[in-house]
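For reference, the structure discussed in these notes is given below.
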Amino acid sequence: MCKNTFRRITTVLVLTFFIWYFIGVDYTSSLPESNKLVLIVVDNLELSDFKEDQKLYKLAGKSYLGLISNRQLGKASISKSKLTLGSGNRLEMDTVRLDGIKLEDGSLVYNDIESIFEINKDSAYREYIGYIGEKLNTASLNTCYIGNNDTDLPDRSSMLLAIDKSGSIDMGELDILTEDKGFPGGSKTNFNKLEELYKQFLPACSFMVINIGDLYRLDYWKSYTYPEEYSALRKELINDISNTIEEIISYEGGYTYILTSGYPSKSELHKGNRLTPILVYEPHKEGVLYSWSTRRNGLLVNTDLADFVLFKLGLTSSSKLKYIARNNSFGYISYLNNNILRISRLRQPILTNYALFEIISALIVFFYLLFFRRIKSRYYEYICRIILYSNMVAPLILLLMSLSRARSP
């Protein structure tokens with residue numbers, strides 16, 4: 001009796017330990033709060049850009065890295081991606097008007113906030129519009145926004161990352177472009193002005209969004225440039241952007257800096273890649289980001305960011321993003337990106353052919369049951385069995401695909 005009792009207690013304790021370790025382990029212990037957080041949005045930034053630029057590569061080597069999956073409701077767009085990132089929930093919006101203005105008191109207002117509320121009037125997540133800005137305002141903390149994605153039309157959709165429910169941001173600047181006849185569209189970011197504005201606004205705000213839209217502008221005007229010219233301009237822009245990021249981070253230490261792209265570039269979308277890089281820099285740390293949404297190292301969803309920002313600022317008690325220490329984190333993320341892209345490319349033709357096979361096999365079995373079932377021959381029955389067993393092949397392949405791996409870094 002005693003032996004049985006001892007075995008039962010031991011079994012319970014072992015199971016409890018494993019459940020605690022694999023499910024209840026607390027990864028938040030390495031996420032200290034920060035009194036300021038700077039989110040740098042460089043739309044169309046690619047993971048390969050970190051390899052080609054020495055400063056970005058060096059920064060990646062001392063940061064926590066991840067990939068954001070840009071899944072969206074309905075038709076995907078860059079502005080809808082910003083709305084999701086800022087609200088922490090998937091919401092709809094009209095992409096016709098993406099403008100914002102600066103008021104006399106220095107605050108900014110996103111013009112079309114009412115239409116976002118109207119489009120989402122039946123959504124359960126309507127209350128999360130302006131989520132980050134509203135939380136900061138409630139805590140008497142200030143928000144700031146610098147930059148734009150303007151082309152021939154105004155695009156201030158990155159404001160959606162910092163607005164409150166009224167569409168307002170406490171301070172910032174929208175006009176940071178300078179005339180440049182050598183750049184497609186005739187204007188590009190005034191990086192000197194951007195750096196000065198950053199230094200000017202930083203002391204007064206707790207959360208700042210910096211939108212560097214030049215890669216987006218270059219992609220927008222891509223059809224008007226030669227391939228060689230496009231490549232040279234992109235390389236030049238990456239260098240300017242990395243210099244500015246280095247200046248921003250080195251100005252005052254001790255804060256949390258997040259670098260990400262709101263949406264993939266056209267070339268990445270053409271490859272079928274809807275993952276965008278994210279980098280979280282805090283001094284003397286390296287690793288990958290873990291998401292409780294995906295339960296995978298390095299792979300996030302776009303609804304994870306909002307609560308992470310608030311958690312780092314001490315405004316929420318939990319976050320779905322955690323830090324995992326890891327050496328050669330960039331190599332791991334590159335490997336993960338290639339592996340996910342490879343499986344994604346393989347999955348589509350398998351699913352298409354499987355659907356076609358399902359239709360054909362269903363018709364064959366239907367006609368057998370309708371016309372040939374009374375015929376005393378096992379020949380038809382064997383055919384139907386083979387067809388039904390074959391229907392299990394495609395799901396089995398899909399399961400095995402997740403076990404396959406691309407070449408390890």
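- Using cut-offs of 30° and 60° for the angle between ring planes, the Tyr255 and Tyr257 rings count as tilted.
- Heavy-atom neighbours of Arg296 CZ from other residues, nucleotides or ligands within 6.0 Å: at or below the threshold of 12.
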Show, in sequence, the C-alpha distance, side-chain angles and deciding distance for Leu300 and Leu67, and conclude whether the side chain to side chain contact (heavy atoms under 4.5 Å, CB included) test is met.
CA-CA 6 Å; Leu300 291 56; Leu67 298 167; over 6 Å; no

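- With Leu259 as the fixed residue, the side-chain contact (heavy atoms from CB on, under 4.5 Å) test singles out one of Ile241, Ile249, Val38, Val42: Val42.
- The pair Lys82-Asp43 counts as a salt bridge, with a side-chain nitrogen and a carboxylate oxygen less than 4.0 angstrom apart.
- Nearest approach of Leu174 to Gly100, heavy atoms of both residues: CD1-O, 3.3 Å.
- Looking only at side-chain heavy atoms (C-beta outward), Asp240 and Lys188 come within less than 4.5 Å of each other.
- Using a 4.0 Å cut-off between charged nitrogen and carboxylate oxygen, Glu92 and Lys121 do not count as a salt-bridge pair.
- Here the closest heavy-atom approach between residue Leu336 and residue Leu299 is recorded as CD2-N, 4.1 Å.
- With respect to the salt-bridge test (charged N to carboxylate O, under 4.0 angstrom), the residues Glu52 and Lys235 do not qualify.
- Electrostatic pairing of Asp49 and Arg234 counts as a salt bridge here, judged by a charged N lying under 4.0 Å from a carboxylate O.
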I'd like to know whether Lys51 forms a side chain to side chain contact (heavy atoms under 4.5 Å, CB included) with Ser334, so could you lay out the CA-CA distance, the side-chain angles of the two residues, the decisive distance to 0.1 Å, and finally the verdict.
CA-CA 10 Å; Lys51 284 185 178 180; Ser334 298; 4.1 Å; yes

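- The shortest distance between side-chain heavy atoms of Ile212 and Leu194 falls below 4.5 Å.
- Separating the CG atom in Leu39 from the CG atom in Leu37 is a distance of 7.0 Å, to the nearest 0.5 Å.
- Leu141 places none of its side-chain heavy atoms less than 4.5 Å from the side chain of Phe207.
- Going from atom CZ of Arg97 over to atom OG1 of Thr95 covers 12.5 Å, rounded to the nearest 0.5 Å.
- Of the residues listed (Leu91, Asp94, Ile129), the one engaging Ile116 in a side-chain contact (heavy atoms from CB on, under 4.5 Å) is Ile129, and it is the only one.
- More than 12 heavy atoms of other shown residues, nucleotides or ligands fall within 6.0 angstrom of atom CD in Glu229.
- A salt bridge does not link Lys102 with Asp175: none of the charged nitrogens is closer than 4.0 Å to a carboxylate oxygen.
- Taken to the nearest 0.5 Å, the CG atom of Asp105 stands 10.0 Å off from the CE atom of Met171.
- In this structure, Ile169 and Met159 approach most closely via the heavy-atom pair CD1-O, 3.8 Å.
- For the residue pair Asp180/Ser187, the side-chain donor-acceptor check at 3.5 Å is not satisfied.
- Side-chain contact between Met208 and Ile146 is present, with at least one heavy-atom pair separated by less than 4.5 Å.
- Taking both residues in full, the closest heavy atoms of Met93 and Ser79 are given as SD-O, 3.4 Å, listed atom of the first, atom of the second, then distance.
- Remark: side-chain polar atoms of Asn190 are not paired, donor with acceptor, to backbone N or O of Leu177 under 3.5 angstrom.
- The side-chain heavy atoms of Val288 and Ile333, taken from C-beta on, include a pair separated by under 4.5 Å.
- A donor-acceptor pair is defined here as one N or O able to donate and one able to accept, closer than 3.5 Å; such a pair exists between the side chain of Thr260 and the backbone of Pro277.
- Cation-pi check for Arg90 over Tyr125 is not met; the charged atom does not lie both under 6.0 angstrom from the ring centroid and within 45 degrees of its normal.
- Side-chain contact check for Thr84 versus Asn89: every heavy-atom pair is 4.5 Å or farther apart.
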For side chain to side chain contact (heavy atoms under 4.5 Å, CB included), just list the numbers for Asp307 and Asp304, CA-CA rounded to whole Å, side-chain angles, deciding distance to a tenth of an Å, and then say yes or no.
CA-CA 6 Å; Asp307 276 326; Asp304 288 336; over 6 Å; no

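- Considering only heavy atoms from C-beta on, Phe311 stays 4.5 Å or farther from Leu321 through its side chain.
- In terms of modelled atom types and a separation under 3.5 Å, the side chain of Thr143 and the main chain of Asp170 share a donor-acceptor contact.
- Just one of Asn192, Asp150, Leu197 meets the side-chain contact (heavy atoms from CB on, under 4.5 Å) condition when paired with Ile176; it is Leu197.
- Here the shortest heavy-atom pairing between Leu313 and Ser206 reads CD2-O, 3.7 Å.
- Atom NZ of Lys199 is surrounded by more than 12 heavy atoms from other residues, nucleotides or ligands within 6.0 Å.
- Glu268 places no side-chain N or O within 3.5 Å of a backbone atom of Leu275 that could act as its donor or acceptor partner.
- Looking at Asn339, its side chain never comes within 3.5 Å of a backbone N or O of Tyr335 through a donor-acceptor pair.
- Using modelled atom types, one side-chain atom of Arg126 and one backbone atom of Phe117 make a donor-acceptor pair closer than 3.5 Å.
- A distance-only check finds no donor-acceptor pair linking the side chain of Asn273 to the backbone of Leu341 [under 3.5 Å].
- When each of Asp219, Asp214, Thr276 is paired with Asn44, the side-chain hydrogen bond (donor to acceptor under 3.5 Å, both in side chains) condition holds for Asp219 and for no other.
- In this structure, Glu282 pairs ionically with Lys285, as a charged nitrogen and a carboxylate oxygen lie closer than 4.0 Å.
- We find the OH-CZ distance between Tyr145 and Phe201 to be 13.0 Å, quoted to the nearest 0.5 Å.
- Put simply, the side chain of Ile101 does not reach to within 4.5 Å of the side chain of Tyr110, judged on heavy atoms.
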For the pair Glu195 and Thr244, evaluate side chain to side chain contact (heavy atoms under 4.5 Å, CB included) and give the outcome as yes or no after the intermediate values.
CA-CA 7 Å; Glu195 292 169 14; Thr244 297; 3.4 Å; yes

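- With no hydrogens or angles considered, a side-chain donor-acceptor pair links Asp112 and Ser115 at under 3.5 Å.
- Thr189 places no side-chain N or O within donor-acceptor distance of the main-chain N or O of Phe191, the cut-off being under 3.5 Å.
- No side-chain donor-acceptor contact under 3.5 Å links Lys58 to the backbone of Asp53.
- Between Arg156 and Asp99 there is a salt bridge, with a side-chain nitrogen of the basic residue lying less than 4.0 Å from a carboxylate oxygen of the acidic one.
- Tyr131 and Tyr128 have their aromatic ring centers within a separation under 6.0 angstrom.
- In this model, no donor atom of one side chain and acceptor atom of the other lie less than 3.5 Å apart for Asn149 and Tyr220.
- Contact between Gly262 and Val41 at its shortest, heavy atoms only, is N-CG1, 4.0 Å.
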Check the pair Tyr64, Tyr323 against ring-ring contact (aromatic ring centres under 6.0 Å, His included), reporting the backbone distance first and the verdict last.
CA-CA 7 Å; Tyr64 289 97; Tyr323 291 162; 4.0 Å; yes

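- Using a distance-only test at 3.5 Å, with no hydrogens or angles considered, a donor-acceptor pair links the side chain of Ser77 to the main chain of Lys80.
- Judged by the 6.0 Å distance and 45° axis criteria, Lys222 is positioned over the aromatic ring of Tyr230.
- A salt bridge links Lys55 with Glu246: the distance from a Lys NZ or Arg NE/NH1/NH2 to an Asp or Glu carboxylate oxygen falls below 4.0 Å.
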